Amino acid sequence: MTTEDTAPHAPCTTPWLDPAPFLRGVAWLDRGRPVRADPADTMRLPWDTGERATLPIGVRLEFTAEGAHAVEIRYRATVPGPTDALRDLAHGFALWDRHGVVREVWTEPAGEALVRIELPGGRGPFTIHPPEAQAPVILGVRAVGGALAPAPPAPRWVVHGDSITEGWWSTRPAHGWPAVAGRALGWDTVNLGYAGAARGELATAEQLAALPADVLTLAFGTNCWTRVPFSAPLMYETTRAFLDLVRHGHPRTPLLLLSPLLRPDAERTPNRLGATLGALRDAMERAARDRIAAGDGRLALLPGHDLLGPEHLADGLHPNDSGHQVLGLAVATALRRAGFAAG
């Protein structure tokens with residue numbers, strides 16, 4: 001991996017290309033801007049879900065190159081103010097190939113800017129992960145010294161969850177577990193992780209039902225312990241109802257349910273309704289098993305408790321980079337074992 005600056009280069013005269021065919025991980029568009037909740041249905045969502053859905057988590061560029069030695073990206077970013085909590089976050093574009101990260105280019109967040117990323121040679125395919133914290137909108141893309149083409153389409157994998165799914169405490173956008181699993185499977189990951197939210201909101205289930213997907217994964221539940229406390233019976237019924245609504249739009253789509261991961265402080269500690277996280281996890285898993293027993297042969301369950309250990313948690317809740325890697329590969333393995341993925 002190398003890191004390079006944005007020193008001046010010779011002007012590029014190649015025409016700008018519409019970025020839309022190159023973008024992956026896009027759920028919905030709101031006036032041309034990728035968003036992660038249906039812009040026509042935001043009034044039914046909790047405020048925290050709607051706020052997180054404006055960030056383009058998981059949205060990236062994927063392409064092949066013919067003779068190009070660099071790619072230029074024109075983008076518009078939100079400029080953080082002096083008191084913005086995101087002000088000090090690194091603003092970097094990461095280039096990946098099949099083998100891993102090739103280089104990272106760091107820029108100052110500006111309203112509208114251009115970044116040039118040198119390519120290593122070969123056709124690719126290549127992936128560029130933009131910085132997510134300042135919600136960049138890609139305005140144009142072009143090759144330097146050759147031509148670019150959108151990468152071939154891949155199975156569309158829609159993943160819904162909370163801050164763990166959104167990728168919190170991973171050090172790069174490409175390190176979150178959905179990105180790890182998507183690379184391992186060769187799928188187009190659509191990340192609908194909402195930090196602080198994802199509590200089984202039924203409006204979200206209906207949005208998922210209407211969203212095109214070849215495979216689905218649900219990974220919510222941790223925020224049902226204290227942020228909005230659930231009882232075990234409420235968790236069972238919410239899980240059952242959420243699955244019912246998703247199945248209205250995806251009656252035969254492969255669906256993996258991942259129950260909450262280890263959270264040491266919550267496993268045996270009752271919340272305000274008397275439920276431990278262990279009890280909530282059991283209720284969610286029971287709802288999934290009951291549905292499978294009733295004939296849903298395209299639903300699989302991955303119990304979350306034993307997937308990570310305390311050493312994989314950065315803060316007792318969110319995985320570190322190592323934890324995201326372990327989790328992503330565990331999910332990919334579970335999808336293969338369920339017969340939802342090749343390999």
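Treat the numbers as computed from the prediction; the structure is a model and nothing was measured.
Residues T239 and L243 are in side-chain contact: their nearest non-hydrogen atoms beyond the backbone lie under 4.5 Å apart. Within the 4.5 Å cutoff, the side chain of H160 has no heavy atoms near those of the T217 side chain. Between E267 and H305, the closest side-chain pair of non-hydrogen atoms falls below 4.5 Å. The side-chain heavy atoms of L308 and L327, taken from C-beta on, include a pair separated by under 4.5 Å. Taking the side chain as every heavy atom from C-beta outward, R76 and P136 never approach each other to under 4.5 Å. For the pair F63/P150, no side-chain contact is recorded, criterion being any heavy-atom separation below 4.5 Å from C-beta on. The shortest side-chain heavy-atom distance between L23 and L61 falls under the 4.5 Å cut-off. For the pair I117/I73, a side-chain contact is recorded, criterion being any heavy-atom separation below 4.5 Å from C-beta on.
No continuous path of ILVMFWY side-chain contacts below 4.5 Å connects V180 to V190, so the two sit in separate hydrophobic clusters. L313 is not connected to W169 by any chain of hydrophobic side-chain contacts under 4.5 Å among Ile, Leu, Val, Met, Phe, Trp and Tyr, and they are in different clusters. Note on L335 and I164: same hydrophobic cluster, where clusters join Ile, Leu, Val, Met, Phe, Trp and Tyr whose side-chain heavy atoms are under 4.5 Å apart, directly or indirectly. In this structure, V326 is a member of the same hydrophobic cluster as V159, with clusters built from ILVMFWY side-chain heavy atoms closer than 4.5 Å. Cluster annotation: W225 and L317 are assigned to distinct hydrophobic clusters (Ile/Leu/Val/Met/Phe/Trp/Tyr, side-chain heavy-atom contacts under 4.5 Å, transitive).
For the pair R74 and W16, the cation-pi test (distance below 6.0 Å, angle within 45°) is passed.
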Item checked: Full working for salt bridge (charged side-chain N to carboxylate O under 4.0 Å, His left out) between R247 and D244 -> CA-CA 5 Å; R247 281 295 188 222; D244 284 349; over 6 Å; no

(request) Any chance you could lay out the side-chain contact (heavy atoms from CB on, under 4.5 Å) test for W28 and Q207, step after step, and finish with the verdict? (result) CA-CA 10 Å; W28 291 272; Q207 291 193 9; 3.8 Å; yes

| said: Show, in sequence, the C-alpha distance, side-chain angles and deciding distance for V71 and I128, and conclude whether the side-chain contact (heavy atoms from CB on, under 4.5 Å) test is met. | reply: CA-CA 10 Å; V71 60; I128 293 177; 3.6 Å; yes

### Query
Checking side-chain contact (heavy atoms from CB on, under 4.5 Å) for the pair L245/R240: CA distance, chi angles, key distance, verdict?
CA-CA 9 Å; L245 288 174; R240 184 190 61 78; over 6 Å; no

- prompt: Does the side-chain contact (heavy atoms from CB on, under 4.5 Å) test come out yes or no for L280 and L234, once each step is laid out?
  reply: CA-CA 9 Å; L280 296 179; L234 179 57; over 6 Å; no

Check your understanding: Between E66 and R123, does a salt bridge (charged side-chain N to carboxylate O under 4.0 Å, His left out) hold up when you go through it step by step?
Key -> CA-CA 6 Å; E66 291 288 351; R123 295 189 71 252; 2.5 Å; yes

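The pair D296-R291 meets the salt-bridge criterion, with a side-chain N (NZ, NE, NH1 or NH2) lying under 4.0 Å from an Asp/Glu carboxylate O. A salt bridge links D41 with R44: at least one charged nitrogen is closer than 4.0 Å to a carboxylate oxygen. Salt bridge D321/R172: absent, no basic N to carboxylate O contact under 4.0 Å.
The OG1 atom of T127 lies 9.0 Å from the CG atom of D97; values are rounded to the nearest 0.5 Å. Here the CD1-CG distance, from I292 to L299, works out to 4.0 Å after rounding to the nearest 0.5 Å. Taken to the nearest 0.5 Å, the SG atom of C224 stands 12.5 Å off from the CZ atom of R281. Going from atom OG of S259 over to atom CG of L277 covers 9.0 Å, rounded to the nearest 0.5 Å. To the nearest 0.5 Å, atom CG of residue L256 and atom CZ of residue R337 are 12.0 Å apart. Residue D48 holds its CG atom at 11.0 Å from OG of S163, rounded to the nearest 0.5 Å.
The minimum heavy-atom distance between L258 and G304, with the atom names listed, is CD1-CA, 4.1 Å. Contact record, A135 with L55: CB-CD2, 4.1 Å, taken as the closest heavy-atom pair. Nearest heavy atoms, A154 versus G186: CB-O, 3.4 Å. For the residue pair A65 and A68, the shortest heavy atom distance occurs at CB-CB, 4.2 Å. Residues V158 and A213 share a closest heavy-atom pair of CG2-CB, 3.6 Å. L45 approaches A37 most closely through the heavy-atom pair CD1-CB, 3.6 Å.
Proximity of a side-chain donor or acceptor of R156 to a complementary backbone N or O of V215 within less than 3.5 Å is not detected. Remark: the backbone N or O of P229 is not paired with any side-chain donor or acceptor of R272 at under 3.5 angstrom. At distances below 3.5 Å, at least one donor-acceptor pair connects side-chain atoms of N320 with backbone N or O atoms of E311. Counting only distance, with no hydrogens or angles, the side chain of N191 and the backbone of T165 share a donor-acceptor pair below 3.5 Å. For H250 (side chain) and L211 (main-chain N/O), a donor-acceptor pair under 3.5 Å exists by modelled atom type. Judged by distance alone, with hydrogens and angles left aside, the side-chain atoms of E166 form no donor-acceptor pair with the main-chain N or O of G161 at under 3.5 Å. Put simply, the side chain of T14 gets close to the backbone of A143: a donor and an acceptor are under 3.5 Å apart. Between the side chain of H324 and the main chain of W177, a donor-acceptor pair closer than 3.5 Å is present. N271 places a side-chain N or O within donor-acceptor distance of the main-chain N or O of A275, the cut-off being under 3.5 Å.
Alongside M43, the hydrophobic cluster contains no other residue (criterion: ILVMFWY side chains under 4.5 Å). Summarising the hydrophobic clusters (Ile, Leu, Val, Met, Phe, Trp, Tyr; side-chain heavy atoms under 4.5 Å, direct or chained), the residues clustered with V137 are L139. Hydrophobic clustering, defined by side-chain heavy atoms of Ile, Leu, Val, Met, Phe, Trp and Tyr closer than 4.5 Å, leaves V144 isolated from every other such residue.
Partners of A283 under the side chain to side chain contact (heavy atoms under 4.5 Å, CB included) rule, at least two apart in sequence or in another chain, are A232, M235, Y236, R286. By the salt bridge (Lys or Arg N to Asp or Glu O under 4.0 Å) test, R60 is found to be paired with E62, D188, residues two or more places apart in sequence or in another chain being considered. Scanning for salt bridge (Lys or Arg N to Asp or Glu O under 4.0 Å) contacts around D265 gives R263, with sequence neighbours left out.
Note: H318 and W168 have tilted aromatic rings, judged against thresholds of 30 and 60 degrees for the angle between ring planes. Note on ring orientation: taking the six-membered ring where Trp is involved, the planes of H129 and W96 are perpendicular (angle over 60°, cut-offs 30° and 60°).
Under the 3.5 Å distance criterion, with hydrogens and angles disregarded, no donor-acceptor pair is assigned to the side chains of D214 and W157.
The residue from T238, L218, L257 that alone fulfils the side chain to side chain contact (heavy atoms under 4.5 Å, CB included) condition with M284 is L257.
The neighbour count for R336 CZ, taken as heavy atoms of other residues, nucleotides or ligands under 6.0 Å away, is above 12.
Taking the six-membered ring wherever Trp is involved, the centroid distance between the rings of Y194 and F220 does not fall below 6.0 Å.
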